[in-house]
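Before any comments, here is the structure.
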Amino acid sequence: PLLQGKNYMHQLKLIVRLLGSPTEEELSFLAHKKAKEAIRELHYPGIPFEECFRNCENPLAIDLLKNMLAFDPRKRLTIEECLKHPYM
């Protein structure tokens, strides 16, 4: 599994380590103040998906993953958009 955390904080850390620290705009969907504070304390630049998935030869597959794993759910592809993605 790509982001298998041992607990909720470890899970958040894995997500932020991969995607990079979210902007305030990307955090705006969160209503829980303590969750926002916890995420703000995680400072990671992110890891390029091309680096994480070195064995993937299709850049469209990486693009689809990036768009499905966006931190802000408002920026993620919908199921319909995923099915229409060029990789599919």
Side-chain angles (χ1 to χ4, degrees):
L2 178 62
L3 300 167
Q4 187 173 0
K6 297 173 185 168
N7 56 52
Y8 74 95
M9 277 307 297
H10 185 239
Q11 184 75 48
L12 281 173
K13 191 175 190 178
L14 292 174
I15 292 167
V16 174
R17 185 179 292 159
L18 174 66
L19 301 179
S21 299
T23 64
E24 286 300 314
E25 179 186 343
E26 291 171 320
L27 287 175
S28 66
F29 76 93
L30 283 172
H32 197 273
K33 185 179 176 181
K34 287 191 178 196
K36 279 186 184 182
E37 290 171 4
I39 294 169
R40 283 185 186 120
E41 291 179 15
L42 301 172
H43 301 283
Y44 293 99
I47 303 169
F49 276 53
E50 295 79 8
E51 188 177 312
C52 289
F53 304 102
R54 288 185 194 138
N55 294 331
C56 180
E57 296 178 7
N58 191 329
L60 290 173
I62 291 175
D63 182 69
L64 178 59
L65 278 173
K66 282 182 191 177
N67 285 290
M68 288 173 27
L69 295 174
F71 187 86
D72 186 341
R74 300 169 296 192
K75 295 181 180 181
R76 289 182 204 141
L77 293 179
T78 64
I79 292 170
E80 292 82 11
E81 291 168 328
C82 287
L83 292 171
K84 291 178 184 175
H85 189 276
Y87 178 71
M88 301 304 283

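Just so you know, these numbers use all the heavy atoms, side chains as well, and skip hydrogens, waters and symmetry mates.
- In the hydrophobic cluster analysis, where Ile, Leu, Val, Met, Phe, Trp and Tyr join through side-chain heavy atoms closer than 4.5 angstrom, Leu77 is grouped apart from Phe49.
- Between Met88 and Cys82, the shortest heavy-atom contact is CG-O, 3.0 Å.
- Each of Leu12, Leu3, Ile47 was scored for a side chain to side chain contact (heavy atoms under 4.5 Å, CB included) with Arg17, with one residue passing: Ile47.
- Put simply, CD on Gln4 and CD on Gln11 are 8.5 Å apart, with the number rounded to the nearest 0.5 Å.
- Note on Tyr8: it clusters hydrophobically with Phe29, by side-chain heavy-atom contacts below 4.5 Å among ILVMFWY residues.
- Residues that satisfy the side-chain contact (heavy atoms from CB on, under 4.5 Å) test with Glu25, not counting sequence neighbours, are Thr23, Lys75.
- In the displayed structure, Leu83 atom CG is contacted under 6.0 Å by more than 12 heavy atoms of other residues, nucleotides or ligands.
- Applying the salt bridge (Lys or Arg N to Asp or Glu O under 4.0 Å) rule to pairs touching residues 35-44 yields Glu24-Arg40, sequence neighbours excluded.
- Using a 4.5 Å cut-off between side-chain heavy atoms of Ile, Leu, Val, Met, Phe, Trp and Tyr, with links allowed through other members, Met9 and Leu30 fall into the same hydrophobic cluster.
- Closest approach of Cys52 to Leu18, counting heavy atoms only: SG-CD1, 3.3 Å.
- By the neighbour-count criterion of 12 heavy atoms within 6.0 Å, atom OH of Tyr44 is densely surrounded, having more than that number from other residues, nucleotides or ligands.
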Only distances under 3.5 Å count here; give the side-chain donor-acceptor pairs of residues 62-71 to other protein atoms, sequence neighbours excluded, each with its distance to 0.1 Å.
| unit_1 | atom_1 | unit_2 | atom_2 | d |
| --- | --- | --- | --- | --- |
| Asp63 | OD1 | Asn67 | ND2 | 3.3 |
| Asp63 | OD2 | Asn67 | ND2 | 3.4 |
| Asp63 | OD2 | His85 | NE2 | 2.7 |
| Lys66 | NZ | Glu50 | OE2 | 3.0 |
| Asn67 | ND2 | Asp63 | O | 2.8 |

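- Atom CG in Leu42 sits 10.0 Å away from atom CG in Leu14 (nearest 0.5 Å).
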